[in-house]
> 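A single structure is presented below for examination.
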Amino acid sequence: AFETAQSLPQFCSSLLELRLCGNDKLGDGVAHWLADVLPQRGLQLLDLSKTGLTSSGILRLAQALPSAVIGPLHVLRLSGNRDCGDAGAAALAAVLEASTVADLSLASCGIGDAGCSAIAGSASKLCKLELGGNRDIGNAGVIDLCNVLSKGRSNLHRLGLGATGMGDEGATGLSKAIKSMPSLMALDMDGCDDIGHSGWLWMSEALPHAPGVQLKPFQGGEFASGPF
């Protein structure tokens with residue numbers, strides 16, 4: 001599969017969107033190829049979801065982001081690469097601030113609290129952040145994310161935390177943070193089975209203070225079209 005990707009013609013340099021999602025045999029080779037062989041300047045969307053990337057491949061991809069070798073990139077989708085892990089998330093976090101990425105999807109990427117906390121540092125600059133399906137993201141990672149977002153400088157329109165391991169403590173922190181996030185329009189918390197009565201009570205009390213927010217269900221790493 002990677003050999004097929006390598007054979008893409010030279011006009012790839014004029015593409016605005018490149019979608020290779022679902023080709024799970026591409027592996028890390030495609031990240032090295034994109035970083036080294038495609039020195040183009042117009043790519044705005046790159047979808048490498050479910051392509052078999054590991055933390056090593058994501059590290060190589062991350063190294064190219066600030067240099068605009070792959071850019072000006074606005075949308076980066078890496079969902080379903082379960083070997084990304086905290087190391088891959090940390091590699092991305094280290095360069096997000098210097099990149100043009102505003103829409104980042106890391107659903108079901110094997111990320112835990114450490115990776116979530118790393119991404120949190122640059123979360124305010126993003127318009128969309130999808131972390132759903134990462135069951136190892138618990139209260140600690142969500143609270144770190146909330147601490148950043150609650151400072152009132154967030155640009156987030158959509159935040160996906162569905163099907164994570166967040167419990168009452170994380171939900172409580174999130175309920176407080178959304179009051180300071182006037183730009184937030186969609187929040188995914190579907191499938192957060194560790195949240196109990198206390199956590200949902202805090203959320204129900206917070207939502208009237210954030211009238212722009214709609215709870216939306218988790219569907220394959222992307223937001224559903226209608227309200228929850």
> With heavy-atom distances below 4.5 Å as the criterion, would you say the side chains of L131 and I137 are in contact?
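Sidechains of I137 and L131: in contact.
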
> Heavy atoms, side chains only, cut-off 4.5 Å: are I119 and L104 in contact?
yes

> Between L53 and L73, is there shared hydrophobic-cluster membership here, with clusters defined by ILVMFWY side-chain heavy atoms closer than 4.5 Å?
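L53 clusters together with L73.
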
> Determine, for E17 against R19, whether the closest basic-nitrogen to carboxylate-oxygen distance falls under 4.0 angstrom.
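Salt bridge between E17 and R19, a charged N being under 4.0 Å from a carboxylate O: yes.
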
> Do the non-hydrogen side-chain atoms of V213 and M181 ever get within less than 4.5 Å of each other?
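Sidechains of M181 and V213: no contact.
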
> Which pair of heavy atoms, one from N147 and one from S150, lies closest together, and at what distance?
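What the structure gives for the nearest pair is O-OG, 3.3 Å.
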
> Which one of L96, V95, L92, L46 satisfies the side chain to side chain contact (heavy atoms under 4.5 Å, CB included) criterion with V101?
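Filter result, single survivor: L96.
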
> Less than 4.5 Å apart, any side-chain heavy atom of M166 and any of D194?
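M166 vs D194: side chains apart.
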
> Establish, from distance only, whether the side-chain atoms of D83 and T54 form a donor-acceptor pair under 3.5 Å.
no

> Are any non-hydrogen side-chain atoms of T51 and N81 less than 4.5 angstrom apart?
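T51 vs N81: side chains touch.
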
> Quick one: pull up OG in S175 and CD in E205 and give me the separation to the nearest 0.5 Å.
8.0 Å

> Is there a chain of hydrophobic side chains (I, L, V, M, F, W, Y, each step under 4.5 Å between heavy atoms) that links L207 to L174?
yes

> Is the shortest side-chain heavy-atom distance between R77 and V75 below 4.5 Å?
yes

> Which distance, rounded to the nearest 0.5 Å, do you find between the SG of C116 and the CG of L145?
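C116 SG to L145 CG: 5.0 Å, rounded to 0.5 Å.
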
> Would one find more than 12 heavy atoms of other residues, nucleotides or ligands at under 6.0 Å from atom CZ of R135?
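Count over threshold, so yes.
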
> Quick check on the hydrophobic clustering: are W202 and V142 connected, directly or via other members, by side-chain heavy-atom contacts under 4.5 Å?
no

> Locate the shortest heavy-atom distance separating S55 from A87; write the atom from each residue and the value.
CB-CB, 3.9 Å

> State, with a plain yes or no, whether a side-chain heavy atom of L18 is found less than 4.5 Å away from one of L45.
no

> With a 4.5 Å cut-off on side-chain heavy atoms, are L61 and L59 touching?
no

> I'd like to check the side-chain hydrogen bond (donor to acceptor under 3.5 Å, both in side chains) partners of S124; sequence neighbours left out, ordered by chain and number.
none

> Determine the minimum heavy-atom distance between I111 and G85, stating which atoms define it.
CG1-O, 3.8 Å

